[in-house]
K.L.:
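Below is a structure I'd like to ask you about.
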Amino acid sequence: MTAKRSVREVLTSPKIGSEVRIEAWVRTKRDSKAGLTFLELNDGSYFQNLQIVVSATLPNYATEIPKLHVGASVRVLGTEAQSQGGKQSVEIQALEVALVGACDPAVYPIGKQKMTYEYLRDFTHLRSRTNTFSAIARVRNVLAMAIHGFFQERGFLWLHTPVITGNDAEGAGQMFRVTTLDVAKPPRAEDGSVDFSQDFFGQGANLTVSGQLEAEAYACSMGAVYTFGPTFRAENSNTSRHLAEFWMVEPEVAFADLDDNARLAEDFLKHLLRTVLEKCPLEMEFFKQRVEPGILDLLNSVLENPFKRLTYTEAVEILIKSGEKFKYKVEWGIDLQSEHERYLTEQVFKAPVILTDYPKGIKAFYMKMNPDGKTVRAMDVLVPGIGEIIGGAQREDDIELLKGRIAEMGLHAGPLDWYLDLRRFGSVPHAGFGLGFERLVQFVTGMGNIRDVIPFPRTPGHIKI
RNA sequence: UGGUCAGUAGCUCAGUGGUAGAGCCCUCGGCUGUUAACCGAGUUGUCGUAGGUUCGACCCCUACCUGACCAGCCA
C-alpha cells in the first residue's frame, strides 16, 4: 500500500511527483462543476489544510464526491504536486478518493459558519475539529513538552506526587472528598459525625490541591524536583480564570533562596514563550489575527525585557501615590486585588512584575519569615492580561519558627509532623513556586476563557463528558 | 456565592405594542484552477419556561431555568 504521510509532512517537506496516501477529515470543499472539486483536508498534524484536487474523470466522482461534506473522513491516494493556486505551494492530485465515514451536514454541529466559544463548549468532543481548538491543542502540547524540556535540561527530577491525599490542611481552598463509603448511609461515630476510620484508607481522604509539601520532601534529598499533574479545587468559582480540575507545575529546589526562585521563574516563563513562538508560528499568527491582535507584541516584549522586581511594600507605595481611584482602597497589609495587580503590570510597568516579601498575615504558614518579623519571603509573578500566573516562596527551614507559625495560625501540628521532619533532619534553605498550566496557555494564546484551553473543562455544574 | 447582562431558524445575529427577517448551512440552477469561492432561486421558527398587564405581547411586568461577564477565593 502507498505510504501514508501526514498533512504536516506533505506541506513542510514535499516530495513533488511522489505518490502518497492521506487520511484526514474534510474541512471545506469547493466544487467546480466544469470538472474539478477542491477538497481541503486536515488531520490535526498541522495548522494549514492540504488541498486535494479531484478531477471529474475519477470513476466515483458522481457517486462519492457529492457525499464529502464538512466533517467526513476520507482516504486519498494521489501525487504530490506544485500548486497552480496562490494560497498554497503544494497540493495533491487525486488518483483515488474514498469516503471512510460520512458526515451528515443536516445534523453535524460543527460547520463552516461562525460559532461562538460558548456554543462549542456544548460540544467539547467535537470542537477540536475547528481551527481555533486544534491550534490550542497543539500549543498546549508544545508547552507541556517545553516544561519537561526546561527542567530536564537543568537536572530536575519529575516527581509524581499523589492525586489522593490524606492531608486535609494544605491550605488552598475547598477539597473534593474521596470515599468508598455508602453516601446514603455512612457509618456514624458516637457524636453523629461520619466515621471515616471505616473508610477505604482508614481515615478521610481528598483529591490534592497541591503537590508542594510532598515536593519539598523530595527536594530535600534529590536537590531539584518538579511536579506536573492535575490538581483539584472544590471552590464555587465562576470566572474565566478558574477550573475545578486543572494542571499545575510546581518546581522545588534545595539550597535555594527567593532570589534563585525568582530567577528560575523568569527563565522558565521566557523559555516557554520562546519555544512556542519557534514551534507554533502558524498557530500564533492565527491567534493574532482571530483572537488577540496584540498577542505577538506582548509575548515578544515579555521575552525581551527583564521582569520588574519589587517588594510588596514598594508596590503599595506606588499604588497609593498613583492617585488612581481603586474600588478597594490600598493600604499596607491588605491582599492586593486583581485591579491593583493589573494596574501595576498593565499601566505602571507594562511588563511582568515579580512582587516579593508580603505581609505574613496574608500568606501561608510555610513561608520563610523575614528578619523584620512582619513579612515573609513570598513572591507572585504578575503578567498583563491574566494577573497572577505564578505564586511561590522560600520555605521556612527553621523548625522552631515553623512550629510557631503553625501554632499562630491555629493549625493541627500532628498531621504535619512528617513535614517538620524535613527541618528536624538536615534542614536546608529551599524554595519553589506553582504555575497554573491553563493560565499559561491562556496567556500564550490570548484566549479569554480558561474553559477553552483545557480539552474537557470541569467547572461548578459542568462535567458532561 | 454576590452584582451586571443575555436567551429570536441547525449556527451567527437584526427586529417593531398590531400576523417574524438577513447571512451562513442545506437543496436546485449558473459560473470559475477554486481557496472564508462567487451569482440566482428555494426550505427552515412553541421568539428560554410559566404566569400577568393589554383589544392585541417576540417587545412591558413578575418568577423561574440556562448561559456569559465582573468580583471574591485562588493557579
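Naming convention: chains lettered A, B, ... in sequence-line order (proteins, then strands); numbering from 1 in each chain.
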K.L.:
So does A:E91 reach the base of B:U35 with its side chain, donor to acceptor, closer than 3.5 Å?
P.N.:
no

K.L.:
Can you tell me if the side-chain N/O atoms of A:S338 get under 4.0 Å from OP1 or OP2 in B:G72?
P.N.:
yes

K.L.:
Should the side chain of A:Q84 and the base of B:U34 be counted as holding a donor-acceptor pair, with the cut-off at 3.5 Å?
P.N.:
no

K.L.:
Does a salt bridge link A:E408 with A:R405, judged by any charged N lying under 4.0 Å from a carboxylate O?
P.N.:
yes

K.L.:
On the side chain of A:R233, is there an atom forming a donor-acceptor pair with the base of B:A75 - under 3.5 Å, no angle test?
P.N.:
yes

K.L.:
Consider side-chain hydrogen bond (donor to acceptor under 3.5 Å, both in side chains). Of A:E216, A:Q212, A:R395, A:E396, which one does A:Y366 pass it with?
P.N.:
A:Q212

K.L.:
Any donor-acceptor pair under 3.5 Å joining the side chain of A:Q93 to the base of B:G33?
P.N.:
yes

K.L.:
Go through the N and O atoms of the side chain of A:E118 and the base of B:G7, and report whether any donor-acceptor pair is under 3.5 Å.
P.N.:
no

K.L.:
Can you tell me whether the side chain of A:R241 and the base of B:C70 have a donor-acceptor pair closer than 3.5 Å?
P.N.:
no

K.L.:
Pick the closest RNA chain B nucleotide for A:K29 and for A:G434 by heavy atoms, then say which residue is nearer the 5' end.
P.N.:
A:K29

K.L.:
Is there a donor on the side chain of A:H69 or the base of B:C26 sitting less than 3.5 Å from an acceptor on the other?
P.N.:
no

K.L.:
Counting only distance, no hydrogens or angles, is the base of B:C73 paired donor-acceptor with the side chain of A:S237 under 3.5 Å?
P.N.:
yes

K.L.:
With no angle test and no hydrogens, is the base of B:U1 tied to the side chain of A:N238 by a donor-acceptor pair under 3.5 Å?
P.N.:
yes

K.L.:
Could you summarise the pairing of RNA chain B as dot-bracket text, marking Watson-Crick and G-U pairs under 3.5 Å with ( ) or [ ] inside the strand and | across strands?
P.N.:
(((((((..((((....[..)))).(((((.......))))).....(((((..]....))))))))))))....

